[in-house]
Novice: 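Supplied in structure tokens, the structure appears directly below.
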Amino acid sequence: MCRQSPAMQYISRKIEANSRHDIILFIANSPLKKLDKEFCYDLIDGYSYKELEIKYNKSASRIGQWKRTCYEALWKYE
């Protein structure tokens, strides 16, 4: 069983607890790069890992790493 980092837990809870509009504004105002923001929007929109693999031409493990990296950056920004 894999444990989530505090950053992953915090941002995941923030996404669940806030409105889609608030989360989109939070991401839009963050220091993430444009592609990272688009990726986060896709996560919020409920894209599956398989869909993300195809869209971004990356492996499932790389999608997971990218998600973790983005969430950690958002956590630091918060």
Side-chain angles (χ1 to χ4, degrees):
M1 183 174 182
C2 185
R3 291 178 40 122
Q4 285 188 335
S5 70
M8 291 286 290
Q9 291 175 5
Y10 179 81
I11 297 298
S12 294
R13 285 190 196 125
K14 183 175 180 78
I15 290 170
E16 291 172 6
N18 290 284
S19 71
R20 185 177 187 282
H21 180 265
D22 289 343
I23 295 300
I24 288 174
L25 286 177
F26 172 66
I27 293 169
N29 293 323
S30 74
L32 293 177
K33 295 177 183 173
K34 183 180 178 184
L35 187 61
D36 293 340
K37 288 179 183 182
E38 290 176 21
F39 174 70
C40 287
Y41 297 146
D42 289 341
L43 289 170
I44 291 168
D45 287 340
Y47 279 58
S48 69
Y49 269 44
K50 191 64 170 171
E51 291 170 321
L52 294 169
E53 287 176 49
I54 293 167
K55 181 173 181 176
Y56 294 103
N57 195 29
K58 297 185 183 299
S59 68
S61 63
R62 182 62 189 112
I63 293 294
Q65 290 170 350
W66 192 8
K67 179 179 176 180
R68 185 171 47 254
T69 300
C70 289
Y71 279 26
E72 287 174 358
L74 289 171
W75 188 44
K76 288 178 186 175
Y77 167 68
E78 176 78 352

Novice: Can you find a pair of side-chain heavy atoms, one from Ile23 and one from Lys14, that are under 4.5 Å apart?
Specialist: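 Yes, at least one pair of side-chain atoms sits under 4.5 Å.
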
Novice: Shortest non-hydrogen contact from Glu78 to Phe26?
Specialist: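 Minimum heavy-atom contact is OE1-CE1, 3.1 Å.
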
Novice: Donor-acceptor check, side chain of Gln9 to backbone of Gln4, threshold 3.5 angstrom: yes or no?
Specialist: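 Present.
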
Novice: Keeping Glu72 on the side-chain end and Thr69 on the backbone end, is there a donor-acceptor pair under 3.5 Å?
Specialist: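 Side chain of Glu72 to backbone of Thr69, a donor-acceptor pair under 3.5 Å: no, none is there.
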
Novice: Drop me the distance from Ser48's OG to Ile54's CD1, to the nearest 0.5 angstrom.
Specialist: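 Rounded to the nearest 0.5 Å, the OG-CD1 separation comes out at 7.5 Å.
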
Novice: Looking at Asp45, I'd like to know if its CG atom is crowded, meaning that more than 12 non-hydrogen atoms belonging to other residues, nucleotides or ligands lie closer than 6.0 Å.
Specialist: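 Count over threshold, so yes.
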
Novice: What I want to find out is whether Arg62 reaches Glu53 closely enough, with some N-O distance under 4.0 Å, to be called a salt bridge.
Specialist: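 Answer for the salt bridge query: no.
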
Novice: Examine Ile44 and Ile11 and state if one hydrophobic cluster contains both, with Ile, Leu, Val, Met, Phe, Trp and Tyr joined whenever side-chain heavy atoms are less than 4.5 Å apart.
Specialist: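 Yes; tracing contacts between hydrophobic side chains, which count when under 4.5 Å, links both residues.
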
Novice: Does a side-chain heavy-atom distance below 4.5 Å link Leu52 with Leu43?
Specialist: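 Yes; the side chains approach each other to less than 4.5 Å.
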
Novice: Which residues pass the ring-ring contact (aromatic ring centres under 6.0 Å, His included) test with Tyr71, sequence neighbours left out?
Specialist: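 Result, ring-ring contact (aromatic ring centres under 6.0 Å, His included) vs Tyr71: none returned.
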
Novice: If you look only at pairs with a residue in residues 23-35, which of them pass as a side chain to side chain donor-acceptor pair (under 3.5 Å), with sequence neighbours excluded?
Specialist: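 Checked against side chain to side chain donor-acceptor pair (under 3.5 Å) - neighbours excluded - no pair reaches residues 23-35.
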
Novice: When rounded to the nearest 0.5 angstrom, what is the spacing between CD1 in Ile24 and OG in Ser19?
Specialist: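 Spacing of CD1 (Ile24) from OG (Ser19) equals 8.5 Å.
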
Novice: Are Leu35 and Trp66 packed together at the side-chain level, in the sense that at least one heavy-atom pair is separated by less than 4.5 angstrom?
Specialist: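 SC-SC contact between Leu35 and Trp66 confirmed.
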
Novice: Relative to Phe39, does Lys67 satisfy both conditions: NZ or CZ under 6.0 angstrom from the six-membered ring centre, and within 45 degrees of the ring's axis?
Specialist: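 Judged by the rule (NZ or CZ under 6.0 Å from the ring centre, within 45° of its axis), Lys67 is not positioned above Phe39.
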
Novice: Quick one: do Leu25 and Trp75 end up in the same hydrophobic cluster if we chain Ile, Leu, Val, Met, Phe, Trp and Tyr together by side-chain heavy atoms under 4.5 Å apart?
Specialist: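 No.
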
Novice: Atom NZ in Lys37, atom CD1 in Ile27: separation rounded to 0.5 Å?
Specialist: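 Going from NZ on Lys37 over to CD1 on Ile27, the span is 9.5 Å.
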
Novice: So which heavy atom on Met8 is nearest to which on Arg68, and how close?
Specialist: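 Scanning both residues completely, I find the closest heavy atoms to be SD-CA, 3.5 Å.
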
Novice: Locate the shortest heavy-atom distance separating Leu32 from Cys70; write the atom from each residue and the value.
Specialist: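 Looks like CD2-O, 4.2 Å.
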
Novice: Mind running side-chain contact (heavy atoms from CB on, under 4.5 Å) on Arg20 and Tyr41 for me, showing each step along the way?
Specialist: CA-CA 10 Å; Arg20 185 177 187 282; Tyr41 297 146; over 6 Å; no

Novice: Has Asp22 got a side-chain atom pairing as donor or acceptor with Asn18's backbone, closer than 3.5 angstrom?
Specialist: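 No: the side chain of Asp22 does not pair with the backbone of Asn18.
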
